[in-house]
Every structure is written in structure tokens, then in C-alpha cells.
Amino acid sequence: DVQLQASGGGLVQIGGSLRLSCVASGLRFDDYAIGWFRQAPRKEREQVSCITSRDGRTYYAADFVEGRFTISSNKAENTVYLQMNSLKPEDTAVYYCAALSGTVAAWAANLYGMDYWGKGTLVTVSS
């Protein structure tokens, strides 16, 4: 069975950092674009970023190109990371890992058509 195991969420102060991890199992890691969505309270789920480990290509949604968030992957560990810096209260959300066979462009174009979803990890940014 395919599993995406997300971890790394928690409570952090404004301006702090967190690194989320998504460990993928049961799939060919290089064949997939894997990345992150988030859903804040009373808001719709939104894309954050994704990466294809086979070529290192990345995608950041428009609201995340300012450089506070950085996505990376470790092929040896079948893991995708999301480094989040300078966190703000509006970053408070449940963060979900999602995988789609293909390219970062295909992932970016699919708001709801992911092949696999992981359970979310909660990030809370508080003063």
C-alpha cells in the first residue's frame, strides 16, 4: 500500500521555523511529484509547493514564492521536506502531503486530483 506519512508540525512562535517531512512508501519515488497543501480554519485547501526528486524541479504557489518556504527531497530516504521560516499567524493550518504521478506542472494544475494524500500535520503559529 502507498503511504505518505507527514510529520513535523507543532506550536511555534511568530517568526519561528519548522520543517515538515513527508515519507513516501509503496511507490516509485522518482515517478511522482510530491508536495504540500494546507488548510487553515474556515478556509479552502490551498497548494503550497511540490518537487520531483528525479530532476529537482520545484513549484511554489503564487502566495509562497517570497522565499519563506523551501521544498527539498532526499531520494535515499524517500522523503520530501518543507522548511518554513519567519512563520506568521496566517500560516496556521493543517499541512497535507500529496503525490501525483508526473511533473510539477501536472501537480500544480491539480487542486483535487492527487493520486495519494497523507494525513495532515498541524502547524500553529502563536504569539
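In this structure, the separation between NZ on K88 and OG on S127 is 15.5 Å, given to the nearest 0.5 Å. In this structure, R19 CZ and S7 OG are separated by 9.0 Å, a value rounded to the nearest 0.5 Å. I51 CD1 to Y81 OH: the interatomic distance, rounded to the nearest 0.5 Å, is 11.5 Å. We find the OG1-CZ distance between T121 and R38 to be 14.0 Å, quoted to the nearest 0.5 Å. Here C50 contributes atom SG and F37 contributes atom CZ; the two are 8.5 Å apart, rounded to the nearest 0.5 Å. In this structure, the separation between CE on M84 and CD1 on I71 is 11.5 Å, given to the nearest 0.5 Å.
Between T92 and A40 the shortest heavy-atom distance is O-CB, 3.5 Å. For G113 against L100, the heavy-atom pair with the smallest separation is O-CD1, 3.5 Å. The two atoms that bring L82 and S49 nearest to each other are CD1-CB, 4.5 Å, heavy atoms only. A pairwise comparison of heavy atoms in R68 and L87 identifies NH1-CA, 3.9 Å as the closest pair. Taking every heavy atom of both residues into account, V2 and G26 meet most closely at CG2-O, 3.3 Å. Considering all non-hydrogen atoms of both residues, D30 and S53 come closest at OD1-OG, 2.9 Å.
Neither L20 nor W107 shares a network with the other; the hydrophobic side chains, linked directly or stepwise wherever heavy atoms of I, L, V, M, F, W or Y lie under 4.5 Å apart, form separate groups for each. Under the 4.5 Å side-chain heavy-atom criterion for Ile, Leu, Val, Met, Phe, Trp and Tyr, L4 and L122 are members of distinct hydrophobic clusters. Residues Y60 and Y95 are members of one and the same hydrophobic cluster, defined by side-chain heavy-atom contacts under 4.5 angstrom among Ile, Leu, Val, Met, Phe, Trp and Tyr. A chain of hydrophobic side-chain contacts below 4.5 Å, direct or via other Ile, Leu, Val, Met, Phe, Trp or Tyr residues, connects V12 to V48.
Residues C22 and I34 meet the side-chain proximity criterion, which asks for heavy atoms closer than 4.5 Å.
Taking the ring centroids of F69 and F64, they lie under the 6.0 Å cut-off. Proximity of the aromatic rings of W117 and Y112 is defined here by a centroid distance below 6.0 angstrom, and this criterion is not met.
The neighbour count for Q5 CD, taken as heavy atoms of other residues, nucleotides or ligands under 6.0 Å away, does not exceed 12. Crowding of Q3 atom CD: a count of heavy atoms from other residues, nucleotides or ligands under 6.0 Å not exceeding 12. The neighbour count for E44 CD, taken as heavy atoms of other residues, nucleotides or ligands under 6.0 Å away, does not exceed 12.
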In sequence, state the C-alpha distance, the side-chain angles, and the governing distance for W36 and Q47, and then conclude on side-chain contact (heavy atoms from CB on, under 4.5 Å). CA-CA 6 Å; W36 299 90; Q47 290 183 328; over 6 Å; no

List the steps, then state whether side-chain contact (heavy atoms from CB on, under 4.5 Å) holds for V104 with T58. CA-CA 6 Å; V104 295; T58 60; 5.8 Å; no

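Of the N and O atoms on the side chains of S17 and N85, at least one donor lies less than 3.5 Å from an acceptor on the other residue. Side-chain contact annotation: S101 with D31, donor-acceptor N/O pair under 3.5 Å absent.
N110 contributes a side-chain N or O that, together with a main-chain N or O of A106, makes up a donor-acceptor pair within less than 3.5 Å.
Ion pairing between R57 and D55 holds under the 4.0 Å rule for side-chain N and carboxylate O.
Cation-pi geometry between R45 and Y96 is met: the NZ or CZ atom falls under 6.0 Å from the ring centre, inside 45° of the normal.
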